[in-house]
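Here is the structure we will look at, set down as structure tokens.
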Amino acid sequence: MKRTVVANGNEMVVEGAIDAGCRFFAGYPITPSSEIAEGMAKRLPKIGGVFLQMEDEIASVACAIGGSLGGKKSMTASSGPGISLKQEGIGLACMAEIPLVIINVMRGGPSTGLPTRIAQADVMQARWGTHGDHPVVAICPATVKECYTETIRAFNIAEELRTPVYVLTDAFLAHLSEKVELPDGKELKIVNRKRPSVKPEDYYPYDTGFGDVPPIADYFSGYRFHVTGLNHDKTGFPDINPVLQESEEERLINKVLRRQEKIATYENYKIEDADIVIVAYGSNALGAKEAVDSARKAGIKAGLFRPITIWPFPSIALQQVAASAKHIIVTEVNLGQMVYEIERIILGGRAVTEIKNGNLIFDTRHPRSSADLTTVLQANGTPIRPNQILSRIKEVA
Amino acid sequence: MRYEMRFSGVGGQGNMLAAMIVSEAAIYFGNKHACYVPTYTSQVRGGPTKADIIISDAPILYSEANNIDYFMSLHPKTYKMYKSDSKQGSIIVVDMNMVQVTEEDKKNFRVYELPIVETARNKVGNVITANIVSLGITAKLIDAVSEEGLLKAVERRVPPKFLELNRKAFEIGMSLVK
């Protein structure tokens with residue numbers, strides 16, 4: 001049965017996590033993400049799950065990784081400085097291939113910055129925050145409802161790919177409350193990790209004979225599973241063989257890249273005949289949509305391209321839109337982050353499809369765009385208003 | 001129909017709760033679309049707070065109020081900070097013992113200067129009901145939610161122990177608007 005609730009973004013992340021099957025949460029409260037910890041603390045014990053508040057963010061991400069190794073879908077949530085502290089653990093989850101969902105309710109920064117105010121300034125941190133080459137998936141919900149549906153999708157991707165997945169919301173969306181109609185529980189698609197089908201003595205935790213995402217055994221289920229942040233071989237024990245390590249490092253990156261068409265979701269809004277294409281993501285895209293509607297009323301052919309997944313970026317979809325556009329306007333609540341990626345994608349006309357023996361393989365089917373690129377950026381703790389975007393549309397029209 | 005509202009003051013006065021109740025009244029008892037966006041600061045108590053509500057017949061995209069029909073302020077600091085998004089001729093309600101409204105503002109807006117906190121303290125008998133007194137005033141001044149719906153939304157939110165006190169605050173608030 002469909003359910004109608006009145007809730008804010010943080011509360012919907014909690015509901016999404018619970019409905020996705022999350023049964024373990026470890027965290028440390030921080031504004032503006034605290035209602036997520038609060039909600040998980042209320043909900044999990046009632047449904048056989050575990051909530052743990054740890055001594056800090058480093059411990060809490062490590063703890064969530066442990067929960068996942070124990071076989072439970074696990075999540076941690078934080079903001080700003082807390083996400084910076086979690087980076088080391090996130091790298092471990094990438095390297096050891098542990099499914100994990102990390103919620104980052106983005107707030108103003110750097111440092112403690114503007115704790116209660118909106119920002120979208122952690123999008124590059126999500127991509128490159130932890131050291132070393134690593135795969136990343138990051139999703140940016142735009143609405144309170146998407147805080148629910150995209151959290152579920154984040155768990156599904158984490159489980160399917162054995163990798164950490166970020167959900168990046170923001171302080172505005174976290175506390176925005178509205179009426180939301182949730183899908184019928186029976187309609188939800190829930191993915192569970194692949195577990196070993198072989199006997200314990202035949203199991204290797206990184207055995208690529210079972211595909212590029214090897215089955216993962218639960219701790220204490222009789223299967224031997226050595227976990228390390230060091231590069232390792234199929235047994236999970238450290239290894240420095242350059243041939244194996246090159247293919248293993250590439251496998252980590254490729255398991256995301258080769259599935260990007262499925263993972264990298266996006267929304268096209270009034271885009272078919274658009275001369276002016278706004279690129280916006282997260283809650284900022286709603287103001288952009290209003291600006292597009294106002295521009296259309298004024299007879300200006302404007303449209304919106306909204307990446308829902310920002311890592312991997314829906315590059316080819318954007319190139320298709322950009323090919324016929326005269327102007328691209330990138331708007332984000334920061335002083336310029338995704339705009340550099342977008343510039344590379346549309347002006348360079350290339351999209352990476354995989355990495356093979358040290359070569360990046362490009363999809364070059366789409367021409368370089370000749371569109372003019374401008375920005376509407378803001379990092380003062382307040383959301384970008386539709387009028388600001390509309391003014392820019394009118395300037396370039 | 002689209003009606004934009006803003007409640008502002010300082011942390012601890014209950015302005016954010018008041019705004020949440022208005023949005024809930026619109027959704028639960030008015031069958032409208034409504035959104036509620038609170039903002040506060042790391043100072044929490046004593047820091048500036050504001051909460052925006054948009055009530056509409058149509059779904060709402062951008063949810064910060066920036067074309068405001070109704071602005072309530074219980075503190076001079078936030079009155080100055082957050083007044084600028086009010087429409088010409090819109091309603092502004094202030095606590096007359098805290099906020100001094102300029103002659104110019106009185107020309108530009110329909111200003112109601114009322115003793116909100118004082119009424120809560122002396123007539124209702126508990127200063128923490130100032131936000132519910134505000135809601136009584138609001139019920140009388142706006143059409144976007146009904147008086148009955150707003151009172152029901154108050155009753156839905158307050159603990160049973162304080163139900164009578166809050167009903168009294170709401171009614172006395174309504175009576176302040178002449």
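As the structure is a prediction and not an experimental result, all values here were calculated from the model. Here is how names work: the chains are called A, B, and so on, in the same order as the sequence lines, proteins then strands, and each is numbered from 1.
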Take atom [atom1] in [X]; do more than 12 heavy atoms of anything else shown fall under 6.0 Å from it?
| X | atom1 | result |
| --- | --- | --- |
| A/E395 | CD | yes |
| B/N31 | CG | no |
| B/F71 | CZ | yes |
| B/D57 | CG | yes |
| B/E148 | CD | no |
| B/K80 | NZ | no |
| A/Y269 | OH | yes |
| B/K123 | NZ | no |

Full working for ring pair (Phe, Tyr, Trp, His ring centres under 6.0 Å) between B/Y36 and A/H175: CA-CA 8 Å; B/Y36 155 73; A/H175 292 150; 9.4 Å; no
Geometric class of the A/F172/B/Y62 ring pair [parallel <30°, tilted 30-60°, perpendicular >60°]: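 Answer is parallel, since the angle falls under 30°.
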Heavy-atom closest pair, residues B/S42 and A/T116: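 For B/S42 versus A/T116, the nearest heavy atoms are N-CG2, 4.0 Å.
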Smallest separation among heavy atoms of B/R2 and A/E290, with atom names: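 Scanning both residues, the minimum pair turns out to be NH2-OE2, 4.3 Å.
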Atom group of A/D293 that falls short of 4.5 Å from chain B, counting heavy atoms: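 Contact with chain B is through the side chain of A/D293 alone.
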As an exercise, state the distance from [atom1] of [X] to [atom2] of [Y], rounded to the nearest 0.5 Å.
| X | Y | atom1 | atom2 | value |
| --- | --- | --- | --- | --- |
| B/L61 | A/T143 | CG | OG1 | 10.0 Å |
| A/N8 | B/C35 | CG | SG | 12.5 Å |
| B/M16 | A/S177 | CE | OG | 12.5 Å |

Most chain B-contacting option - heavy-atom pairs closer than 4.5 Å, from A/T4, A/T112, A/L114, A/L176: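 With the most close heavy-atom pairs to chain B, the winner is A/L176.
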Which of A/P115, A/G287, A/P383 touches chain B most, by non-hydrogen pairs under 4.5 Å: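 Between A/P115, A/G287, A/P383, the count favours A/P383.
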Chain A contact via B/S23 - side chain, backbone, both or neither, heavy atoms under 4.5 Å: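 Interface part for B/S23: neither.
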Stepwise side-chain contact (heavy atoms from CB on, under 4.5 Å) check, A/R117 with B/T41: CA-CA 8 Å; A/R117 296 291 196 255; B/T41 71; 4.1 Å; yes
side-chain contact (heavy atoms from CB on, under 4.5 Å) assessment of A/R385 paired with B/D85: CA-CA 12 Å; A/R385 293 183 165 191; B/D85 294 313; 2.7 Å; yes
